[in-house]
Protein chains: 2
Amino acid sequence: MRLTTKGRYAVTAMLDLALHSDQGPVSLSDISNRQGISLSYLEQLFSKLRKSVLVTSVRGPGGGYRLSRLKEDIFVAQIVDAVNESVDATGCSGRSDCQGGTTCLTHYLWCDLSDQIHDFLNQISLAQLVAREDVRQVAERQSIESQQTCVDDKINAAIIG
Amino acid sequence: MRLTTKGRYAVTAMLDLALHSDQGPVSLSDISNRQGISLSYLEQLFSKLRKSVLVTSVRGPGGGYRLSRLKEDIFVAQIVDAVNESVDATGCSGRSDCQGGTTCLTHYLWCDLSDQIHDFLNQISLAQLVAREDVRQVAERQSIESQQTCVDDKINAAIIG
DNA sequence: ATTTACCCGACTATTTTAGTAGGTTATTCC
DNA sequence: GGAATAACCTACTAAAATAGTCGGGTAAAT
């Protein structure tokens with residue numbers, strides 16, 4: 001089982017995309033600013049998300065990323081699967097060779113757990129997350145903060161220039 | 001979220017203990033032989049299991065470990081919690097400071113997932129695992145194999161001696 | 001032409017995992 | 001009493017994964 005910053009970042013970034021999907025392509029630097037994720041790291045993650053056809057890219061000025069399909073049709077499990085290898089709780093990737101070629105004592109337990117996690121994350125779409133009150137509140141705060149950062153940047157640019 | 005070999009080994013070892021709990025204390029070297037887990041590593045894990053009062057130890061020849069309470073009253077979640085820090089899917093250990101002091105966009109999602117996993121693993125007792133047909137089959141195979149290893153060891157000892 | 005922003009590969013510090021090594025202490029059997 | 005057994009303890013370590021950084025490309029718009 002592997003659910004670390006990588007998977008969490010990917011879901012956060014995709015949710016950010018979903019929240020701003022009505023305003024044309026979203027650039028990674030916008031996501032980086034709002035979500036506090038390093039730009040270079042986002043690039044690596046989006047490379048994988050693109051290969052899994054969860055997003056499409058638009059190059060050039062004003063470009064960025066778009067969801068490849070409706071918010072309703074993208075599920076958290078798909079995002080985690082795209083960047084992690086899987087949400088698999090077994091040590092043998094389900095191959096039943098956990099104990100030197102044979103099945104270990106707890107193999108079936110971890111299979112059950114994997115199914116459980118996968119079912120849960122496969123039920124939750126980006127649309128559902130966008131609709132949540134707690135998510136909307138965090139998103140609103142981030143929107144205000146990023147506008148402030150934007151103003152700060154312009155002031156700094158004016159001072160330097 | 002952290003569920004790796006460490007947590008899996010711990011549950012496997014505890015299940016082995018549960019399976020042989022009617023035959024007096026079980027030594028770590030027995031568990032090591034049957035489950036293919038390194039003895040030194042088992043010692044580290046059992047140090048934690050002992051501190052969490054999931055097992056009690058008996059020193060000296062014929063000693064080993066015993067479950068500290070009934071199979072029915074030990075749950076998988078408790079074992080994983082004892083060796084891992086927790087079955088927590090958030091990056092902030094539930095403190096809501098995932099994004100530089102404030103709550104990240106997906107915090108509540110990972111809280112929900114943590115609850116889901118914890119509820120699932122907290123339902124499953126060692127007694128339930130012992131009763132499972134798939135577990136019994138693996139246990140029986142291991143029992144035969146470890147008897148064979150035992151005979152082999154005696155033959156080797158006889159050759160050397 | 002220049003800027004924007006995606007794209008790509010290589011490199012790296014840090015952390016965790018999984019395991020080793022080498023000892024000490026308690027208990028039992030001879 | 002002494003040898004054997006097995007828990008107990010601390011420190012060390014190789015390998016892997018994580019979470020990045022860096023430095024350059026390439027495509028498209030103004």
Side-chain angles (χ1 to χ4, degrees), chain A residues 1-10 12-13 17 20 24-33 35-52 54-66 68 80 83-86 88 91 93 98-100 104 153 157, chain B residues 1-10 12-13 17 20 24-33 35-52 54-66 68 80 83-86 88 91 98-100 104 153 157 161:
Chain A
M1 175 68 199
R2 202 182 276 130
L3 182 54
T4 60
T5 312
K6 198 195 280 184
R8 283 195 295 266
Y9 277 0
T12 300
L17 251 184
H20 300 89
V26 179
S27 74
L28 292 190
S29 56
D30 284 355
I31 298 178
S32 174
N33 284 331
Q35 306 306 330
I37 306 169
S38 118
L39 179 60
S40 308
Y41 201 42
L42 275 176
E43 286 184 339
Q44 283 177 51
L45 297 178
F46 272 78
S47 167
K48 293 187 175 185
L49 294 171
R50 202 170 127 267
K51 277 167 192 157
S52 298
L54 291 169
V55 296
T56 53
S57 64
V58 181
R59 298 177 80 150
Y65 286 93
R66 257 189 253 271
S68 67
V80 176
V83 294
N84 285 2
E85 274 129 38
S86 66
D88 181 17
S93 309
C98 2
Q99 195 188 345
C104 82
D153 287 351
Chain B
M1 175 66 198
R2 204 182 276 129
L3 183 54
T4 59
T5 313
K6 198 196 279 186
R8 283 194 295 266
Y9 276 0
T12 301
L17 211 56
H20 300 90
V26 179
S27 74
L28 292 188
S29 57
D30 284 354
I31 298 178
S32 174
N33 285 331
Q35 305 305 331
I37 306 171
S38 117
L39 179 60
S40 309
Y41 202 41
L42 276 175
E43 286 183 341
Q44 286 177 48
L45 297 178
F46 272 79
S47 167
K48 294 187 174 187
L49 294 171
R50 201 170 128 268
K51 278 167 192 156
S52 299
L54 290 169
V55 296
T56 53
S57 64
V58 180
R59 298 176 81 150
Y65 287 92
R66 257 189 255 269
S68 67
V80 177
V83 293
N84 285 3
E85 275 130 37
S86 66
D88 181 16
C98 3
Q99 195 187 344
C104 82
D153 287 351

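Numbers restart at 1 for each chain; the letters A, B, ... are given by sequence-line order, proteins then strands. The figures that follow rest on heavy atoms only: side chains count, while hydrogens, waters and symmetry mates do not.
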*Taking B/S57 for its side chain and B/Y65 for its backbone only, find out whether a donor-acceptor pair lies under 3.5 Å.*
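Checked: no pair found.
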*Counting only N and O atoms by type, is there a donor-acceptor contact under 3.5 Å from the side chain of B/T56 to the main-chain atoms of B/S68?*
no
Rounded distance in Å - [atom1] ([X]) to [atom2] ([N]):
X	N	atom1	atom2	value
B/L28	D/dC9	CG	C1'	14 Å
A/D30	C/dC6	CG	C1'	14 Å
A/I37	D/dT21	CD1	C1'	16 Å
B/Y65	D/dT5	OH	C1'	14 Å
A/K6	C/dT16	NZ	C1'	14 Å

Please tell me if [X] has a side-chain N or O lying less than 4.0 Å from either OP1 or OP2 of [N].
X	N	answer
A/Y9	D/dG20	yes
A/R50	C/dC8	yes
B/S27	D/dT5	no
A/S40	D/dC22	no
A/S38	D/dA19	no

Please list, chain by chain and in numerical order, all residues satisfying side-chain contact (heavy atoms from CB on, under 4.5 Å) with [X], sequence neighbours excluded.
X	answer
B/S52	B/L54, B/A82
B/S47	B/K51
B/R59	none
A/K6	A/T4, A/Y41, A/L45, A/K48, A/V83, A/N84

*In chain order, what residues pass the side chain to side chain donor-acceptor pair (under 3.5 Å) check against A/S29, with sequence neighbours excluded?*
A/S27
*Could you tell me which residues satisfy side chain to side chain donor-acceptor pair (under 3.5 Å) with A/Q99, sequence neighbours excluded, listed by chain and number?*
B/Q142
Report each atom pair, protein N/O against N/O of nucleotides 27-30 of chain C, whose distance is under 3.5 angstrom.
none

*Identify whether any heavy atom of A/T5 sits under 4.0 Å from a base atom; if not, whether one sits that close to sugar-phosphate; answer base, sugar-phosphate or nothing.*
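If one applies the 4.0 Å heavy-atom cut-off, A/T5 turns out to touch the sugar-phosphate alone, with no base involved.
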*Looking for any heavy atom pair under 4.0 Å, which part of the strands does B/S57 touch: base, sugar-phosphate only, or nothing?*
sugar-phosphate
_Reading DNA chain C from 5' onward, which residue's closest nucleotide shows up sooner: A/G62 or B/G7?_
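That would be A/G62.
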*Contact list for DNA chain C against residues 41-48 of chain B - heavy-atom distance below 4.0 Å*: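 Contacts with DNA chain C under 4.0 Å: B/Y41, B/Q44.
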*Distance, nearest 0.5 Å, that separates CG of A/L28 from CG of A/N33*: 11.0 Å
